[in-house]
Amino acid sequence: MKDNTNDNKAVSCLPGGLMPAEQWTLPQTSVRRSLKDAIRHALKQLQAGVSQAEEPFESMDELPELSAAQQRRLAPEPDYAHQAEAIACSLKQARSDGSLSREVVCLVAPPFSGMQQALTRFSEPEQPDSIQSSDETWRVIAPPDTLCFDDQEASEWWDRQDLSRPWVIPELADFWLRSLSGLALIRELFRRIANGDSGVGIVGCSSWCWRYWGHYLENAQMSPWTPAPMDADRLGAWFTYLASGNGKSMIVARMTGDGLYVLPLPEADDAENSKSRKKRKYSTFLRDLAATSRGNPGVALAIWQRSLRARPDDDAKLEETDDKTDKQSRAADCWVVPLGRLSLPSMPQSKESVTGFVLHGLLLHNGLDMASLEAVTGVSTYELSLVLSRLKRAELVTCDPLDQRWQVTPIGYPTVRRHLQSWGFPLDQF
């Protein structure tokens, strides 16, 4: 039972484990099968059929998005403490099998992957043994209030940080500004790491920040690691885990209109019901979602949350009973709108250069307040306010009400990345 619990936690946010960043590949838009497997799969789908009882009884296209209560139940946010444990286990395994030998490992991940939130949990009390190192808890290193240092000041600041015992930086992008006086902290950190002047440590870094520093300090040769991309099967397993209470029950999700199945995954469904139920016809939604999100879990979850629909009375019915038989007799727990019919953010027409500098600056620094954004882009506060307000209305950026930092949204990230590429900005590798 203990092994199953550990497996479930691994599925929760890190189903593919960690891998060297150079091994990362984009999820394919089509399933890679041998010709024999493709023919077998096609025949199974043709033979499956959809019984009259399973057909959608009405057009689902106009169904409302999930209520807040429904979303918390069917598409909740992940538990980052579990992801932290999965990261620690994956690093421990990599060290034990010899594939990772560096004392300081750089974990690079695209925005919205949850890496920063997970690494922040490393310092929390009562963490599992997998996160402990030599009976010591990890110390999270927070950035200073100001990021403008000369080389001497940066060296003195790092002297005050205890790097002799296990330490972790959740997000390296918080330690710099793309300006002449804003580079010293990271330069000094990598100098110490390269010289072996630090103990065991983890440096978390967004992929856009790493794109800059990987070229700036090319000779450092940090050999970063990254989470494996979410393909269709991994997304299906993760969504099932999130929606079903750590894998304790099965969720049924079907496409609007044609009724093709999205969840449960075919393998799990066939194993449990091959004797009692006809095999089901499945949609390519998860495969398309993996390609659209580029295997990014946070982006995929944001699109998944927007795609889900439920009848207005579904929430009340599910509140009334948790009976397993009743839930199994239902046509679906939720319905899924095809990606092609889903309303996703689009880029408003504006000056490409200004909009591009703003969005690229936000991604390089994992979010910035207005003053810092003006410093790194050279765009005036007045023009920034106009650009950001338009991007906010388009759901491409959002402002945190607590710290007033502007960030790109998960739902808008694919559009932002695609336009930055078309405008000639340097992209991350993910």
Side-chain angles (χ1 to χ4, degrees), residues 10 13-32 83-84 86-116 118-119 168-173 175-176 186-187 189-196 198 200-235 238 290-300 360 363-364 366 413-414 417-418 420-421 424-430:
C13 278
L14 207 67
L18 297 174
M19 61 170 61
E22 66 267 15
Q23 296 180 12
W24 187 93
T25 57
L26 185 67
Q28 298 299 308
T29 56
S30 60
V31 180
R32 291 182 175 180
Q83 183 172 351
I87 290 171
C89 290
S90 189
L91 289 176
K92 183 177 180 180
Q93 178 61 38
R95 292 188 186 281
S96 65
D97 63 25
S99 56
L100 176 62
S101 58
R102 293 173 178 265
E103 284 195 317
V104 178
V105 58
C106 294
L107 299 181
V108 177
F112 319 112
S113 64
M115 181 67 72
Q116 179 180 3
L119 292 181
V168 58
I169 292 176
E171 178 51 67
L172 190 67
F175 284 76
W176 77 298
I186 293 184
R187 281 205 310 255
L189 172 63
F190 280 119
R191 186 194 68 79
R192 296 185 179 216
I193 293 174
N195 290 343
S198 64
V200 175
I202 299 175
V203 177
C205 186
S206 69
S207 54
W208 292 80
C209 176
W210 190 262
R211 172 68 169 78
Y212 180 92
W213 284 98
H215 284 73
Y216 189 93
L217 299 175
E218 186 175 359
N219 292 329
Q221 295 292 314
M222 297 305 298
S223 303
W225 284 55
T226 190
M230 289 281 203
D231 59 15
D233 289 339
R234 289 168 180 166
L235 281 178
W238 187 42
T292 299
S293 65
R294 299 179 65 86
N296 186 318
V299 174
H360 192 248
L363 290 174
L364 276 180
N366 195 42
Y413 179 68
R417 191 182 191 279
R418 185 167 57 251
L420 287 176
Q421 182 178 28
F425 284 85
L427 306 181
D428 70 339
Q429 73 176 89
F430 307 107

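- Between the side chain of S207 and the backbone N or O of V108, no donor-acceptor pair lies under 3.5 Å.
- Using a distance-only test at 3.5 Å, with no hydrogens or angles considered, no donor-acceptor pair links the side chain of D231 to the main chain of A290.
- In this structure, the salt bridge (Lys or Arg N to Asp or Glu O under 4.0 Å) partners of D428, at least two apart in sequence or on a different chain, are R417.
- For the side-chain contact (heavy atoms from CB on, under 4.5 Å) test, residues two or more places apart in sequence or in another chain that qualify with A300 are L235, F239, L289, S293.
- In this structure N195 satisfies the side-chain hydrogen bond (donor to acceptor under 3.5 Å, both in side chains) test with no other residue, sequence neighbours excluded.
- For R187 against Y216, the heavy-atom pair with the smallest separation is NH1-OH, 3.2 Å.
- In this view, Q23 and M19, P20 satisfy the side-chain contact (heavy atoms from CB on, under 4.5 Å) rule, not counting sequence neighbours.
- Residues meeting the side-chain contact (heavy atoms from CB on, under 4.5 Å) test with E103, sequence neighbours left out: V200.
- Between F190 and C106, the closest side-chain pair of non-hydrogen atoms falls below 4.5 Å.
- Annotation: salt bridge (Lys or Arg N to Asp or Glu O under 4.0 Å) contacts of R191 (sequence neighbours excluded): E188.
- Put simply, the residue from V203, L18, I169 that forms a side chain to side chain contact (heavy atoms under 4.5 Å, CB included) with L107 is L18.
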- Message: Is there a side chain to side chain contact (heavy atoms under 4.5 Å, CB included) between W208 and L427? Walk through the geometry before answering.
- Response: CA-CA 7 Å; W208 292 80; L427 306 181; 3.5 Å; yes
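- Qualifying side-chain hydrogen bond (donor to acceptor under 3.5 Å, both in side chains) partners for N366, counting only residues two or more places apart in sequence or in other chains: Q116.
- With sequence neighbours left out, S198 forms a side-chain contact (heavy atoms from CB on, under 4.5 Å) with V104, L163, W167, I193.
- In this structure, the ring pair (Phe, Tyr, Trp, His ring centres under 6.0 Å) partners of W176, at least two apart in sequence or on a different chain, are Y212, W213, H365.
- Partners of R211 according to the side-chain hydrogen bond (donor to acceptor under 3.5 Å, both in side chains) rule, which considers only residues two or more places apart in sequence or in another chain, are H215.
- Pairs engaging residues 91-114 under the ring-ring contact (aromatic ring centres under 6.0 Å, His included) rule: F112-Y413 [sequence neighbours left out].
- Counting heavy atoms from C-beta outward, S206 and E171 have side chains that approach closer than 4.5 Å.
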- Mind running side chain to side chain contact (heavy atoms under 4.5 Å, CB included) on R95 and V105 for me, showing each step along the way? CA-CA 11 Å; R95 292 188 186 281; V105 58; 4.2 Å; yes
